[in-house]
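One structure is given below, encoded as structure tokens.
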Protein chains: 2
Amino acid sequence: MGTMNKIETKGWTSDTVVSDLERAIHEHRLPPGTKLGEDELGDAYGISRTIVRAALLALSHRHLVELKRNRGAFVAQPSVREAREVFEARSLLEPRTAHSAALRMTDADLRLLNENIRDEHAALDAGENGRALFLSGQFHVEIARIADQSTIETFISELISRSSLIIALYWRRRAALCETQAHHALLDAFANRDGDAAEQLMKSHLLDLVASLDLRNVSQPPTSLREALQR
Amino acid sequence: MGTMNKIETKGWTSDTVVSDLERAIHEHRLPPGTKLGEDELGDAYGISRTIVRAALLALSHRHLVELKRNRGAFVAQPSVREAREVFEARSLLEPRTAHSAALRMTDADLRLLNENIRDEHAALDAGENGRALFLSGQFHVEIARIADQSTIETFISELISRSSLIIALYWRRRAALCETQAHHALLDAFANRDGDAAEQLMKSHLLDLVASLDLRNVSQPPTSLREALQR
DNA sequence: CGACACAAAATCGTATACAATCCTGTTGCG
DNA sequence: CGCAACAGGATTGTATACGATTTTGTGTCG
């Protein structure tokens with residue numbers, strides 16, 4: 001367990017490390033609370049701590065990693081409070097953005113979204129739950145891209161990644177097919193260029209998501225004895 | 001002009017440097033396009049380039065600074081496109097947030113907002129336009145704080161700072177008193193705990209702001225010959 | 001005189017060295 | 001035997017050194 005293979009693809013820059021780590025976090029290969037040692041990451045990617053620190057700094061600005069002074073970097077563990085805030089922000093941004101996207105939707109965009117849903121289904125069938133979760137998030141980011149709002153896209157992208165952490169911590173049900181259903185309904189609205197329908201569907205989709213979480217405040221700060229054994 | 005005094009307050013950490021620079025940018029003491037040399041900043045604050053780079057990285061993540069590889073860091077110059085996007089994002093976030101804030105408003109909050117408006121007016125009278133602009137932005141951030149949504153507050157705070165850059169680049173009118181008027185109207189709605197009114201006022205306030213900008217696409221990429229002499 | 005080539009200076013990119021802090025295991029004392 | 005003090009090791013924080021790239025200045029040739 002102490003060994004960590006080197007990723008010999010070479011050419012790792014700060015940004016690519018960020019993308020790689022973000023994806024690993026998003027796919028739950030790096031669960032909340034995981035320690036991200038600087039030397040360890042440096043060895044893994046074959047780069048010095050300088051680049052690693054820049055990457056960790058970037059991830060901390062996106063609230064995916066928590067930096068504790070003189071203690072190190074850890075995959076973030078969003079609180080119940082933070083979870084509610086993230087979905088509140090999403091509910092302000094995503095419905096209206098879906099509306100805009102529906103009006104700008106091209107056939108190529110529709111094909112892309114369709115492929116996304118197909119891949120997600122395939123991943124689920126193959127038991128690759130992490131990849132499915134990632135693709136599910138990409139669906140939402142893609143909508144912001146189609147809406148042609150890169151600033152909002154940046155925000156949504158961050159919120160999606162944080163949502164993945166929230167799901168890792170607070171997911172209740174195990175039935176995961178509700179996701180693809182909602183996305184399929186959205187796709188129909190997009191195909192019809194029906195902005196109002198898309199907006200409404202996105203709104204209820206987000207409500208369903210929150211409802212599928214267990215956000216009761218019970219045992220909120222249980223992570224008191226130094227993060228409850230780091231996990 | 002080549003001299004730069006050292007800021008001898010000591011105890012500069014990465015975050016405090018970020019705050020200091022962000023405020024300077026927000027107040028237009030550092031106009032868009034200004035070069036932020038690493039050695040220069042390091043000397044100014046009495047810290048090494050390591051900390052400076054961390055600060056510049058943070059500012060670049062907030063889109064207040066643009067990093068050009070092997071060229072250096074520059075105060076960002078938002079494009080017309082980006083300007084529209086920023087205000088689109090604000091129009092999605094701020095009205096509903098103002099609604100929430102109105103319902104949670106305490107008397108202490110009202111006093112704070114009132115003081116803010118008073119200070120802004122005083123700054124304007126004293127000819128401190130930069131400080132007035134900063135306070136004007138703080139008004140909006142404060143609303144998000146009162147709404148008790150720190151995630152949204154972070155987004156709005158970034159958008160406000162970026163708006164300051166946009167104003168520096170695209171401001172049209174010189175009459176600046178429209179600002180305090182709108183804020184005063186909002187304060188009234190807050191005092192009445194009237195969420196709907198606050199939401200509506202915020203929405204039109206943002207529309208007024210956009211209307212006061214000159215966002216015609218004419219001469220959009222005039223900054224072609226290496227940023228048109230860096231300014 | 002103008003254009004190109006080359007050299008020098010300045011600035012950024014990355015790695016590494018050293019200091020500071022924290023964690024852990026051990027020792028000594030009550 | 002239990003607890004506190006201390007020492008060793010590990011990890012992060014910061015500064016600095018060095019290499020890479022860009023910019024700028026200079027000289028030569030057409």
Side-chain angles (χ1 to χ4, degrees), chain A residues 1-4 6-7 9-21 30 33-61 65-76 223-231, chain B residues 1-4 6-18 20-21 30 33-61 65-76 223-231:
Chain A
M1 180 63 174
T3 66
M4 188 149 188
K6 185 167 168 182
I7 303 172
T9 321
K10 281 182 179 174
W12 289 103
T13 175
S14 181
D15 291 330
T16 58
V17 172
V18 169
S19 300
D20 200 59
L21 286 176
L30 292 174
T34 304
K35 163 137 197 186
L36 302 173
E38 298 182 356
D39 282 320
E40 201 171 3
L41 288 175
D43 292 344
Y45 289 104
I47 54 181
S48 81
R49 283 177 51 214
T50 305
I51 313 296
V52 173
R53 281 178 74 87
L56 292 175
L57 211 56
L59 289 169
S60 79
H61 292 141
V65 158
E66 191 180 352
L67 297 180
K68 307 184 185 181
R69 180 161 182 101
N70 285 318
R71 304 271 326 282
F74 303 83
V75 178
T223 45
S224 54
L225 60 125
R226 258 358 192 299
E227 312 315 322
L229 300 82
Q230 214 62 261
R231 285 214 36 189
Chain B
M1 180 63 175
T3 65
M4 187 149 190
K6 185 168 171 183
I7 302 171
E8 264 305 353
T9 320
K10 281 183 180 174
W12 289 103
T13 175
S14 179
D15 292 329
T16 58
V17 172
V18 169
D20 200 58
L21 286 176
L30 292 173
T34 304
K35 163 137 198 183
L36 303 173
E38 298 182 354
D39 283 321
E40 200 171 2
L41 288 174
D43 291 344
Y45 289 105
I47 55 183
S48 80
R49 283 177 51 215
T50 304
I51 313 295
V52 173
R53 281 179 75 86
L56 292 175
L57 210 56
L59 290 168
S60 79
H61 292 142
V65 158
E66 191 179 351
L67 297 180
K68 307 184 184 182
R69 179 160 183 104
N70 285 319
R71 305 269 327 280
F74 304 83
V75 177
T223 45
S224 54
L225 61 125
R226 259 356 192 297
E227 313 314 321
L229 301 81
Q230 213 63 262
R231 283 218 31 194

Any B:L67 side-chain heavy atom under 4.5 Å of B:L57 side chain: yes
Within-4.5 Å side-chain heavy-atom neighbours: B:L41 and B:V17: no
Over how many whole Å does the gap from [X] atom [atom1] to [N] atom [atom2] extend?
X	N	atom1	atom2	answer
B:K68	D:dT21	NZ	C1'	16 Å
A:L41	C:dT14	CG	P	17 Å
B:E38	C:dT14	CD	P	11 Å
B:L67	C:dT11	CG	P	17 Å
B:D43	D:dT16	CG	P	11 Å

Distance (rounded to the nearest 0.5 Å) between A:R53 CZ and A:S48 OG: 11.0 Å
Phosphate contact (D:dT12 OP1 or OP2) by A:K35 side-chain N/O below 4.0 Å: yes
Any B:R71 side-chain nitrogen or oxygen under 4.0 Å from OP1 or OP2 of D:dT23: yes
First encountered from the 5' end of DNA chain C, between A:R69 and A:S14: A:S14
A:N70 vs A:T13, nearer the 5' end of DNA chain C by closest nucleotide: A:T13
Heavy-atom closest pair, residues B:A73 and B:L56: CB-CD1, 3.8 Å
Nearest-neighbour nucleotide for the A:D39 side chain, C:dC12, C:dT14, D:dT12 considered: D:dT12
side-chain contact (heavy atoms from CB on, under 4.5 Å) between A:D20 and A:W12, intermediate numbers included: CA-CA 10 Å; A:D20 200 59; A:W12 289 103; 3.8 Å; yes
CA sep, side-chain torsions, deciding dist, call: A:L21, A:V65, side-chain contact (heavy atoms from CB on, under 4.5 Å): CA-CA 10 Å; A:L21 286 176; A:V65 158; over 6 Å; no
Close approaches to DNA chain C from residues 47-55 of chain A, in residue order (heavy atom, under 4.0 Å): A:S48, A:R49, A:T50, A:I51
